[in-house]
Participant: 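Below: one structure in structure tokens.
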2 protein chains.
Amino acid sequence: MEKIQELQEIFLKEGLRYTKQRETIWQEINSSTEHRDAEDIYFTLKTRGVATSRATVYRTIEVLVRNNLVRALNIGDGRYRYENKLDQTHHDHLVCTECGKIIEFLNENVEQQQEQVARDHGFTLVRHIHQLFGVCEECQKN
Amino acid sequence: MEKIQELQEIFLKEGLRYTKQRETIWQEINSSTEHRDAEDIYFTLKTRGVATSRATVYRTIEVLVRNNLVRALNIGDGRYRYENKLDQTHHDHLVCTECGKIIEFLNENVEQQQEQVARDHGFTLVRHIHQLFGVCEECQKN
DNA sequence: AACTTACTTGAGACTCAATCTCAATTAAGT
DNA sequence: ACTTAATTGAGATTGAGTCTCAAGTAAGTT
């Protein structure tokens, strides 16, 4: 996988060593499209027999987020979820308040309006958080 | 102020007693248009000589938020800010990542698109978080 | 290959916002 | 005034995340 090259280059660029733990954490986040929290990643690695610690998980995720390999998601319940950026396309999230299901969406119109709002107030837009909370079809039935 | 009547009715409706602490906390949040955190509200009351505790502040804010008298704002730095809803109009927030300034904005187009996105995925929209992060005009100069 | 040096790791201590506990207090109905 | 159940508050607890520092290790040097 040539993606591992990119990972190595990022650590090189940051003046950081390329270690087994860092690679494993990156692989774990890339292994699914789920939105997982740090504790989950930590325990999955532990269960899989990979030696690691919370400190290393958090430290590595910090580097990955800073370098845009992973996205941190704050859905307001006090802990971040992380998603890989393998698919590259930007999107926001629609969260079911009943079952926690997370659906990704993209609305170009909204994206443009955001730029407009920032311009109107003299801001240079850096990033945005846009999350819709509602009840999904299945949960509405229950 | 007839707003206090509404406050009393809400506590009545919830089967809660109307106490000096609860009224004072509500007044404190209504006393400015700032976006303040719980600790700030707690200390301001303390400084003003009003006996209270963190527990009471948090418990009261919970009731106020639930009853739509106060809005909780999660700007991603680990602690909620609270704003009063005296002006009634819905808005979202544009936050300066340098100086922390918070500007309120409303974009009808975006509001409509949000409803559309929810519909498209079979969701019933309950609420949303929409925050733009950027650098304000003053901070760009520095 | 052995040596050196500085970066990394991990167990557990610590932080900080927020919640919980429970004895003392108090609102509000009788 | 009496009764009773809700409320308060000091401090303990929780939980996500960060920090500490001795032990481990990557990678360059001899």
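Just the heavy atoms: all of them, side chains too, but no hydrogens, waters or symmetry mates, feed the values below. Source: prediction; values computed, not measured. Chain naming here is simple, since letters A, B, ... match the order of the sequence lines and numbering starts at 1 in each.
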Participant: For the aromatic rings, using the six-membered ring if either is Trp, is the centroid distance between B:His93 and B:His35 under 6.0 Å?
Facilitator: yes

Participant: What is the distance from CZ of A:Phe11 to C1' of D:dT25, rounded to the nearest Å?
Facilitator: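 Distance check: A:Phe11 CZ to D:dT25 C1' gives 16 Å.
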
Participant: Given D:dA10, C:dG10, D:dA27, identify the nucleotide with an atom nearest to the side chain of A:Arg59.
Facilitator: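 Nucleotide nearest to A:Arg59's side chain: C:dG10.
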
Participant: Do any side-chain nitrogens or oxygens of B:Gln21 fall under 4.0 Å of OP1 or OP2 in C:dT26?
Facilitator: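 No, B:Gln21 has no side-chain N/O under 4.0 Å of OP1/OP2 on C:dT26.
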
Participant: Rounding to an integer number of Å, can you tell me how far A:Arg17 CZ sits from D:dG24 P?
Facilitator: 16 Å

Participant: Hey, does the side chain of A:Tyr58 come within less than 4.0 Å of D:dT18's phosphate (OP1/OP2), counting only N and O?
Facilitator: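 The answer is no; no side-chain N or O of A:Tyr58 sits under 4.0 Å from OP1 or OP2.
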
Participant: Rounding to an integer number of Å, can you tell me how far B:Asp37 CG sits from C:dC16 P?
Facilitator: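 Computing the B:Asp37:CG to C:dC16:P distance gives 13 Å.
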
Participant: In whole angstrom, give the distance that lies between atom CD1 of A:Ile41 and atom P of D:dA16.
Facilitator: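 About 13 Å, once rounded to whole Å.
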
Participant: Using ring centroids (six-membered ring only for Trp), state whether B:His128 and B:His90 fall under 6.0 Å.
Facilitator: yes

Participant: If you check every side-chain atom of A:Ala55, which of D:dT25, D:dC19, D:dT8 has the closest atom?
Facilitator: D:dC19

Participant: A:Thr56 side chain: which of C:dA6, C:dT9, C:dA28 is closest?
Facilitator: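 The answer is C:dT9, which lies nearest to the side chain.
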
Participant: Out of C:dG12, C:dT9, D:dG17, which has the shortest distance to the side chain of A:Tyr80?
Facilitator: D:dG17

Participant: For A:Thr124 and A:Arg119, test the side chains for any donor-to-acceptor distance below 3.5 angstrom and give the result as yes or no.
Facilitator: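 There is no such pair (donor and acceptor under 3.5 Å, judged by atom type) between the side chains of A:Thr124 and A:Arg119.
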
Participant: Using a distance-only test with no angle check, is there a side-chain donor-acceptor pair under 3.5 angstrom linking A:Gln114 and B:His130?
Facilitator: yes

Participant: What nucleotide among D:dT7, D:dA10, D:dA26 has an atom nearest to a side-chain atom of B:Arg22?
Facilitator: D:dT7

Participant: Taking CZ from A:Phe43 and P from D:dG15, how many angstroms apart are they, rounded to a whole number?
Facilitator: 12 Å

Participant: Which nucleotide, C:dA28, C:dA18, C:dC20, lies nearest any side-chain atom of B:Ala38?
Facilitator: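 Between C:dA28, C:dA18, C:dC20, the one nearest the side chain of B:Ala38 would be C:dA18.
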
Participant: Distance check: side-chain N/O of B:Thr19 vs OP1/OP2 of D:dT8, anything under 4.0 Å?
Facilitator: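 Checking D:dT8 against B:Thr19, a side-chain N or O does come within under 4.0 Å of OP1 or OP2.
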
Participant: With a 4.0 Å cut-off on heavy atoms, is B:Arg54 in touch with a base, just the backbone sugar-phosphate, or nothing at all?
Facilitator: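 B:Arg54: no heavy atom of the nucleic acid under 4.0 Å.
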
Participant: Counting the atoms with a prime plus P, OP1 and OP2 as sugar-phosphate, which does B:Arg79 contact under 4.0 Å by heavy atoms, base, sugar-phosphate, or nothing?
Facilitator: sugar-phosphate

Participant: I need the A:Asn107 CG to B:Gln116 CD distance, nearest 0.5 Å.
Facilitator: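 Going from CG on A:Asn107 over to CD on B:Gln116, the span is 8.5 Å.
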
Participant: Search all heavy atoms of A:Val135 against all heavy atoms of A:Cys96 and return the closest pair with its distance.
Facilitator: CA-SG, 4.1 Å

Participant: Look at the side-chain N and O atoms of A:Thr52 and state whether any lies under 4.0 Å from the OP1 or OP2 oxygen of C:dG10.
Facilitator: yes

Participant: OP1 or OP2 of D:dA10 versus the side-chain N and O atoms of B:Ser53: is any pair under 4.0 Å?
Facilitator: no

Participant: Whole angstroms only, please: what is the CG-C1' distance between B:Asp77 and D:dG17?
Facilitator: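 The distance from CG of B:Asp77 to C1' of D:dG17 comes to 14 Å, rounded to the nearest Å.
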
Participant: How do B:Tyr18 and B:Glu39 order along DNA chain C: which one's closest nucleotide is nearer the 5' end?
Facilitator: B:Glu39

Participant: Using whole Å, what does the distance between atom P of nucleotide D:dG17 and atom CD1 of A:Ile61 come to?
Facilitator: 9 Å

Participant: Write down the distance between CG (B:Asp40) and P (C:dC16), rounded to a whole number of angstrom.
Facilitator: 17 Å

